[in-house]
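Encoded as structure tokens, the structure appears first; notes follow it.
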2 protein chains.
Amino acid sequence: MHADKPIAESTVRRLSLYLRVLEHAMERGIRTISSEELADEGGTTSAQVRKDLSFFGSFGTRGRGYHVAELVSELQRILGLGREWRVYIIGAGKIGAALASYHGFVQRGFTVLGIYDNDPRLVGTIVDGVTVRDFATLADDARRESPEIVVLAVPGEVAQAVAERVVAAGIHAILNFAPVPLHVPAHITVRSVNMALELEGLAYAIVHRDSVTPAA
Amino acid sequence: MHADKPIAESTVRRLSLYLRVLEHAMERGIRTISSEELADEGGTTSAQVRKDLSFFGSFGTRGRGYHVAELVSELQRILGLGREWRVYIIGAGKIGAALASYHGFVQRGFTVLGIYDNDPRLVGTIVDGVTVRDFATLADDARRESPEIVVLAVPGEVAQAVAERVVAAGIHAILNFAPVPLHVPAHITVRSVNMALELEGLAYAIVHRDSVTPAA
DNA sequence: CCGAGCTTGTGAAATTCTTCACAAGTCCTC
DNA sequence: GAGGACTTGTGAAGAATTTCACAAGCTCGG
Ligand SMILES: NC(=O)c1ccc[n+]([C@@H]2O[C@H](COP(=O)([O-])OP(=O)(O)OC[C@H]3O[C@@H](n4cnc5c(N)ncnc54)[C@H](O)[C@@H]3O)[C@@H](O)[C@H]2O)c1
Ligand SMILES: NC(=O)c1ccc[n+]([C@@H]2O[C@H](COP(=O)([O-])OP(=O)(O)OC[C@H]3O[C@@H](n4cnc5c(N)ncnc54)[C@H](O)[C@@H]3O)[C@@H](O)[C@H]2O)c1
């Protein structure tokens, strides 16, 4: 639909953020927003906002700004959110269960088709309306349902092995919650959410903050 | 202890990752590791590893590599993990509860002193050994216990307001799980974990993958 | 219909981050 | 104790990302 140059991951991240800000603005009845306002809410700069958007087209009106509802649907289209995404969650533990029942995902078109676990005590139970399936049936189910995305919420020790089973089942995108780097073939897309790493980043910032900032 | 230049957030992130890889290597009885091996495991390049470490000193031996145990303790020191960090979790819902009982945090020195909620039905209950406290007592408790870090696991609609109470209570570091950008004074450090945003990044990658890669 | 006031879209400059490439140091074998 | 095989640490080059700055375009009031 438009020429695809390679877009930086940081840009895509910000687009998601803009979308959230815009939806919030829409709820409050705001019709029009400038790059400046969008930047303030999203924690970036107006030039950054305009540059990010310019990779995909030209959506604003000079002298006026962006029409909120229009930009929302443009961003949804760009991010691929106009459709339903079929998701499997693997690991029906604490994180897996929390994610399964998280309404924020459904709202954006991510439908959880199944939760998988290999613990016989969990298989067959129901988590927020979704039955826990036996991990052994993953490949068969995937052939039938062709999910696009897997959320990996298993212990770190087995994450790599499970990821390989996921890839073998023909699924090309993984959201990884285990605190280990996953090694997968190049055509598989992986994003990791590593909470321990973020906490450590805070610790680093606290330790080094006072030594950097000149004392007030 | 050493001259602090401003270090990129991406570098700090990778240091945490190296630490994890090194600990894993140590468990397997590996004594020595090269920047090449460390890079392969951590999903980066050897030059990147050496450059990252070079900001903090010179920890390896030419011709030999890095002594694993030694580099582990250097990284722990750099990241500020040699000590106990006192953490409050706010929001005793699904995510808050999962985090409270997550062993990976305790292991790295992050001690959860208290979980806060404003739902009277939850206050007083016990989540994995930690009692849920009344959010109204936050400021008083903080004065007494001086926690360094708050984990914010409340609904997005109240996240900004709760963050302001946290800042007012004198806490300077926030790990935010709500899917909204937080606006805080400059001396407060915030890291956000935004899972919806990562999922959207996957959706974007899937939609744009095939149009970028020349058909095989 | 004009001019003042805004705000976008975008090349170019500046900055930041990553990769290269190699001198220098270590180890091991013979 | 000399030479070959490795591997670090680091300036310099290169790539990527962000910021600047301004021409061009729209709006609105009179
Ligand atoms: N709980 C947290 O707050 C938290 C925070 C950060 C990261 N994580 C990470 O998320 C992952 C899950 O954490 P959790 O707290 O939900 O753990 P958990 O132990 O509660 O759940 C893990 C689930 O995975 C299942 N499982 C194990 N091996 C499996 C396999 N081979 N195939 C299918 N299922 C399998 C287990 O039966 C269990 O139900 C871990 O990697 C953890 O490090 C958790
Ligand atoms: N559950 C998930 O998988 C998931 C995934 C991504 C993001 N999140 C985000 O994490 C946050 C929490 O999600 P959750 O699923 O745990 O929600 P939840 O509704 O289960 O828990 C939220 C808790 O916060 C408490 N709370 C509300 N207002 C409060 C206030 N002013 N002070 C103190 N406590 C208050 C509520 O009583 C409730 O117990 C949300 O912002 C959500 O968007 C959750």
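Letters A, B, ... mirror the listed sequences (proteins, then strands); counts begin at 1.
- Between the CD atom of B/Glu9 and the P atom of D/dT17 there is a distance of 16 Å, rounded to whole Å.
- Contact annotation for A/Ser35: backbone-only contact, meaning every heavy-atom pair under 4.0 Å involves sugar-phosphate atoms and none involves a base.
- Here the P atom of nucleotide C/dT26 and the NE2 atom of B/His67 are 17 Å apart, to the nearest Å.
- At D/dT8, none of the side-chain N or O atoms of B/Thr61 fall inside 4.0 Å of OP1 or OP2 (strictly under the cut-off).
- Using modelled atom types, one finds a donor on one side chain and an acceptor on the other under 3.5 Å when comparing B/Asn176 with B/Ser192.
- Proximity of A/Gln48 to the phosphate of D/dT17: no side-chain N or O atom is located under 4.0 Å from OP1 or OP2.
- Using modelled atom types and a 3.5 Å distance limit, the side chains of B/Asp141 and B/Tyr88 yield no donor-acceptor pair.
- In this structure, the CD atom of A/Glu37 is 13 Å from the P atom of C/dC6, given to the nearest Å.
- A straight line from CZ of B/Arg13 to C1' of C/dT18 spans 17 Å, rounded to a whole angstrom.
- A/Tyr66 has no side-chain polar atom (N or O) that falls below the 4.0 Å cut-off from OP1 or OP2 of D/dC26.
- Proximity of a side-chain donor or acceptor of B/Ser146 to a complementary backbone N or O of B/Arg143 within less than 3.5 Å is not detected.
- Rounded to an integer number of Å, the gap from B/Ile33 CD1 to D/dT8 C1' is 14 Å.
- Within 4.0 Å (heavy atoms only), B/Arg64 reaches sugar-phosphate atoms of the nucleic acid but no base atom.
- Panel note: side chain B/His183, backbone A/Glu41; a donor-acceptor pair is recorded below 3.5 Å.
- Between A/Arg62 and D/dA23 there is no side-chain polar atom (N or O) within less than 4.0 angstrom of OP1 or OP2.
- Contacts of A/Thr45 with the nucleic acid, taken as non-hydrogen atoms under 4.0 Å apart, involve only primed sugar atoms and P, OP1 or OP2.
- Rounded to whole angstrom, the span from the CG atom of B/Asp52 across to the P atom of C/dT18 amounts to 7 Å.
- Atom CZ of B/Arg83 sits in a crowded spot, with more than 12 heavy atoms from other residues, nucleotides or ligands closer than 6.0 Å.
- Rounding to whole angstrom units, NZ of residue A/Lys51 and P of C/dA14 are separated by 15 Å.
- Closest to the side chain of B/Arg50, from the set C/dA21, C/dG11, D/dA21, is C/dA21.
- D/dT7 atom P lies 20 Å from atom CZ of B/Phe59, rounded to whole Å.
- Residue B/Ser10 has its side chain nearest to C/dT18 when only C/dT18, C/dA12, C/dC22 are considered.
- In terms of position along DNA chain D, the nucleotide closest to B/Ser54 lies nearer the 5' end than the nucleotide closest to the other residue of the pair A/Arg14 and B/Ser54.
- Between B/Ser58 and D/dG9 there is a side-chain N or O to OP1 or OP2 distance below 4.0 Å.
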